[in-house]
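What follows is one structure encoded as structure tokens, with my remarks underneath.
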Amino acid sequence: MDSTQNIEKKWQKYWTDHHTFEAKIDYSKEKYYYLVEFPYPSGAGLHVGHVRSYTALDALARKKRMMGYNVLFPMGWDAFGAPAEQYAIKNHIHPSIAVKENIRTFKGQIEKLGISFDWSREFSTTDPEYYKWTQWQFLQFFKKGMAYKAKKNINWCPKCKTGLSNEDSSGGVCERCGSQVEQREKEQWMLRMSDYAESLIDGLKDTDFQERIKTAQINWIGKSVGAEVDFGLKQVDEKLTVYTTRPDTLYGVTFMVIAPEHPYIDLYSGLINNMNEIIDYRERANKKTEFERTQLVKDKTGVRIDGLTAVNPITGKEIPIYISDYVMMNYGTGAIMAVPAHDSRDYDFAKKFGIDIIPVLAPLYVSPETPPLEGKKNTERDTVIVVVKYEDKYLCVRYHKFNWQTFIMGGIEEEDDSVEGAARREVIEETGYTDIKNVELLSYVFQESFYAAHKDVNRLTTNRVLVVELGSLAKEEMTKEEQEIQEPVWVSKNELRDFLTFETHKKICDLLDNGEQAFVSDGTHINSDILNGLNKQDAIDTIIDYLEEKGIGHKKTNYKLQDWIFTRQRFWGEPIPLIYCEECGWVPVPEEDLPVLLPNVAEYEPTDDGESPLARISEFVNTTCPHCGKPAKRETDTMPNWAGSSWYWLRYMDPHNEKEFVSAEALKYWGKVDWYNGGMEHATRHLLYARFWNQFLYKEGLVPNSEPFKVRAAHGMILGEGGVKMSKSLGNVINPDDIVSTHGADTLRTYEMFIGDYEKEATWSEQGLIGCRRFLDKVIRFGEKVVKSDSYSSEIEKDIHRTIKKVTEDMDALKFNTAVSALMILLNKMEKLESITSKDYRAYLMLLNPIAPHITEELNEMYELGTPLCESSWPTYEESMLVDEEKEIAVQVNGKVRATISVRADDNDEQIEEKAMASLNVQKHIEGKTIVKVIVIKGKIVNIVVR
RNA sequence: GCGGGUAUGGCGGAAUUGGCAGACGCACUAGACUUAGGAUCUAGCGCCGCAAGGCUUGCAGGUUCAACUCCUGUUACCCGCACCA
């Protein structure tokens with residue numbers, strides 16, 4: 001047999017010469033569209049991670065073709081971007097030259113793997129024939145008012161010297177180079193992506209994306225439903241509008257916070273007495289790095305605005321206003337109403353600045369010890385629970401009558417001047433201790449519903465918790481009456497939880513252990529006038545109705561998703577096809593003048609002043625207005641990287657069309673991408689941009705589907721040996737070329753399919769690779785055992801049918817690892833036979849062909865088994881061949897396997913039971929015991945329950 | 001903090017969706033053969049135990065004749081988002 005390399009080359013040439021994998025322009029056949037994300041052709045070359053996803057989809061595509069589909073499985077290059085430009089800056093070579101070089105390398109590597117891409121449809125985003133249509137589509141956005149220029153504080157990377165979208169600067173770090181991102185004010189072209197926020201969530205319904213991808217998108221879009229509420233200002237006749245998701249807590253607002261950049265600060269600077277302090281804070285906040293902002297989440301900072309006071313619109317209460325950097329200007333209204341009792345951030349702030357905390361929502365517990373009784377009268381009471389502390393012990397009480405052990409409890413009586421007063425009274429009455437040093441009212445309030453045996457009524461108590469500290473153990477004698485009711489007990493902190501009778505009181509231990517926190521879950525409203533007694537959702541609905549009726553607020557939905565910053569101040573991108581004319585404003589370049597070509601220049605460096613390098617090229621910049629013919633200037637910013645990848649799957653359908661971006665006919669036939677594979681890192685950015693772009697085109701009637709992709713699957717990463725990320729610095733990068741030349745493409749492909757769950761990350765193992773090599777070698781050796789026959793060997797006929805079913809189904813479910821495993825199992829079975837038939841062997845090679853296409857074609861030809869596999873039909877199985885007449889099943893006694901018996905398909909339950917009972921080991925284990933029950937599950941198991 | 005996910009031998013990983021846990025591969029052990037190779041073949045290989053047998057799917061409970069699988073609680077790790085009101 002020829003060398004692996006020669007065999008692989010031979011078949012690769014065969015496929016090219018015969019145009020085997022080119023999608024047919026035959027719109028009568030059933031279509032299937034597989035797409036892998038086209039790569040950025042970097043200088044580093046192909047990664048084994050690319051091999052994993054390309055092979056997986058290649059296998060699926062090959063199989064689908066053998067099943068008779070017209071398969072589109074294209075490949076191209078996403079070649080605009082920084083690395084090529086960096087290379088150009090360094091070496092003074094036009095980026096297009098470096099890109100061509102890299103594409104050649106990539107393509108050569110992919111071809112060596114035998115991936116069945118349709119190369120006749122290949123293109124690069126940097127081809128003028130392609131970016132002509134990217135520009136054309138941008139103009140459609142522009143003409144519909146979907147592109148606008150705005151002076152915005154944008155994310156600016158000082159190293160790349162360009163603006164970045166929010167998506168590209170998440171975490172405050174430049175996605176490309178890792179530099180700290182700064183804020184800079186600059187005019188930018190924006191696409192109104194936020195208009196599509198709802199539609200982008202909604203459209204997910206029409207897709208079969210993996211759940212994790214859907215979630216990632218939904219989180220990114222960040223929808224929240226709440227209300228805008230207008231607070232009054234005391235000093236001026238003006239409103240301060242806030243956005244909140246919790247309008248139900250309006251009665252618990254104790255302060256307001258506005259973002260440091262909020263316009264009111266400058267607007268009302270005349271009224272503000274501490275303007276210097278505020279300006280100083282604003283400057284410090286602006287300088288904070290993202291690191292500082294995220295690391296110091298708990299440690300809130302801010303300044304009170306002296307001279308401006310807000311007025312709660314429903315209580316009329318005056319409340320202070322602060323500025324703080326925990327409120328962002330770019331979300332909501334840049335101002336919030338703060339409810340410290342029910343929001344953890346507001347809570348932290350209130351604690352630090354000593355602001356009141358008013359609880360308006362209390363959890364409701366139904367006592368498990370003494371649940372309310374039906375038919376009993378209901379009474380409500382306000383009570384206090386007093387936690388008395390002295391040194392590290394807690395003073396509790398044992399109530400004799402009901403054998404309750406808990407904290408001091410008592411109702412609030414009319415004579416009490418305050419909650420604190422009630423607490424003092426109860427401590428003295430129930431325990432006699434008098435030296436009360438300190439009383440602290442916790443903001444935690446809870447309600448409890450129970451049967452109060454001593455009064456024979458159902459009680460709903462609203463409980464406040466006080467922590468009382470004793471200064472000494474000074475004590476006065478308790479009355480005899482009181483002594484009979486209860487006795488005081490000192491309990492140490494460790495024993496406290498066990499000592500307490502009531503579950504609800506044990507929750508107080510959590511407060512003592514972990515400190516207080518804002519109560520953010522559901523409960524019943526208290527201290528809230530019209531909302532009292534309602535739960536969270538009912539209260540939200542009620543208050544929104546109320547606000548709308550009174551004209552002080554309305555329901556409002558917000559999204560985190562912002563408009564897409566669509567410009568970069570770089571050279572190596574699609575020029576934005578717009579011209580600025582003093583007379584006519586922004587004018588689109590006429591269609592017949594597209595594409596606006598990137599000029600050939602010597603200087604690619606970006607500039608510190610934030611202008612694109614194109615701005616220095618006067619021949620490029622200076623032009624005439626297409627509208628009035630007067631001198632005008634071109635836009636010199638270029639499009640972001642994501643532009644070219646936002647519609648490329650459409651171009652594959654009709655890649656050489658010079659008149660349209662894609663013909664309606666091709667669009668109609670190819671429709672959606674049926675299966676789109678890509679990395680998890682693109683689950684938000686690329687995928688959202690692409691869906692947005694497509695939805696816009698759909699709205700304009702330019703494409704027939706609003707969603708571009710049916711299935712989106714993501715492959716797991718391949719890690720280096722030891723489970724660490726492959727990286728140049730660790731020196732553990734595996735170059736696919738090396739594996740192909742030492743073991744062959746088929747071995748590499750088989751190994752990457754066998755390595756583990758396709759969706760999970762996997763660790764590279766040289767040993768595992770060799771295992772797959774041995775498997776393929778064994779397949780090759782089997783050729784010598786082949787005898788001519790056009791039927792399957794009877795001994796393994798059923799196994800073959802089963803394996804056909806298993807491989808077919810597993811591959812469709814991306815379970816390549818078990819598909820390979822099934823083929824290994826079948827091979828092990830064949831090994832037991834003296835000879836196998838040519839039909840056995842050909843079926844086997846066909847099943848293996850999608851994963852190891854070269855060697856299987858070669859063996860098929862060598863042993864003259866039939867037409868080339870790539871031109872043959874996928875094998876089918878017969879249902880009737882899947883069942884056994886005779887089967888081994890397990891017999892359990894009390895759930896433990898004690899024997900296996902052989903049963904026939906037509907055995908009835910009695911016969912199976914009889915066989916099970918007859919087994920010696922079963923006899924042994926049921927001897928002397930009573931048989932309670934015998935469970936017979938046909939074809940599966942017998943379980944004998946004995947006592 | 002919020003959201004998503006994972007946890008099974010020495011390792012990568014299977015388990016028809018509640019029915020013999022550990023398929024398949026790697027590593028390992030013993031033997032055979034030899035053209036001395038990335039060999040190949042045969043047998044063994046979860047843990048404890050000489051064995052009978054017992055134990056075992058992160059941990060603790062529960063439901064069931066039967067749980068890797070369902071329910072409750074809990075721990076650890078990974079990923080995404082993150083002061084989003």
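- Partners of A:Lys887 according to the salt bridge (charged side-chain N to carboxylate O under 4.0 Å, His left out) rule, which considers only residues two or more places apart in sequence or in another chain, do not exist here.
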Query raised in the report: Just the dot-bracket of RNA chain B, please: which string comes out with Watson-Crick or G-U pairs under 3.5 Å, [ ] for crossing, | for another strand?
Result: (((((((..(((......[....))).(((((.......))))).(((....)))..(((((..]....))))))))))))....
Query - nucleotides 11-24 of chain B: protein proximity per nucleotide (B base, S sugar-phosphate only, - neither; heavy atom, under 4.0 Å) - result: -BSSS---BB--BB
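- Atom-to-atom, NZ of A:Lys300 to P of B:rA85 comes out at 14 Å; the value is rounded to the nearest Å.
- A:Gly771 comes within contact range of the sugar-phosphate backbone alone, with a heavy-atom separation under 4.0 Å but no base atom that close.
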Which donor-acceptor pairs under 3.5 Å do the side chains of residues 766-776 of chain A make with protein atoms, sequence neighbours left out?
| from | atom 1 | to | atom 2 | distance (Å) |
| --- | --- | --- | --- | --- |
| A:Arg773 | NE | A:Asp777 | OD2 | 3.4 |
| A:Arg773 | NH1 | A:Thr742 | O | 3.4 |
| A:Arg773 | NH1 | A:His743 | ND1 | 3.4 |

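- Between A:Glu8 and A:Asp746, the closest side-chain pair of non-hydrogen atoms falls below 4.5 Å.
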Side-chain donor-acceptor pairs under 3.5 Å in residues 808-821 of chain A, sequence neighbours left out?
| from | atom 1 | to | atom 2 | distance (Å) |
| --- | --- | --- | --- | --- |
| A:Thr808 | OG1 | A:Ile804 | O | 2.5 |
| A:Thr808 | OG1 | A:Trp874 | NE1 | 3.1 |
| A:Glu809 | OE2 | A:Lys805 | NZ | 3.1 |
| A:Asp810 | OD2 | A:Lys806 | NZ | 3.0 |
| A:Asp810 | OD2 | A:Thr818 | OG1 | 2.8 |
| A:Asp812 | OD1 | A:Lys63 | NZ | 2.6 |
| A:Asp812 | OD2 | A:Lys63 | NZ | 3.2 |
| A:Thr818 | OG1 | A:Lys815 | O | 3.1 |

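- When each of A:Tyr559 and A:Lys896 is assigned the nucleotide of RNA chain B with its nearest heavy atom, A:Lys896 is the one assigned upstream, toward the 5' end.
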Query raised in the report: How does each nucleotide of nucleotides 40-50 of chain B score, in 5' to 3' order, for protein heavy atoms under 4.0 Å: base (B), sugar-phosphate only (S), or none (-)?
Result: SS---------
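- Listed nucleotides: B:rC81, B:rC83, B:rA85. Nearest to the side chain of A:Asp343: B:rA85.
- A:Lys214 has its NZ atom 25 Å from the P atom of B:rC79, to the nearest Å.
- Between the side chains of A:Thr55 and A:Glu752, no donor N or O sits under 3.5 Å from an acceptor N or O.
- Between A:Ile540 atom CD1 and B:rA85 atom C1' the separation is 13 Å, expressed in whole Å.
- For A:Tyr331 and B:rA85, the shortest distance from a side-chain N or O to OP1 or OP2 is below 4.0 Å.
- Ring geometry for A:Phe255 against A:Phe349 counts as parallel: the plane angle stays under 30°, on a 0 to 90° scale with 60° as the upper cut.
- Distances from the side chain of A:Gln767 to the nucleotides B:rC26, B:rG54, B:rG3 place B:rC26 closest.
- Looking at heavy-atom distances under 4.0 Å, A:Thr742 makes contact with a base.
- Comparing A:Thr301 and A:Ser765 by the nucleotide of RNA chain B that holds the closest heavy atom to each, the one mapping nearer the 5' end is A:Ser765.
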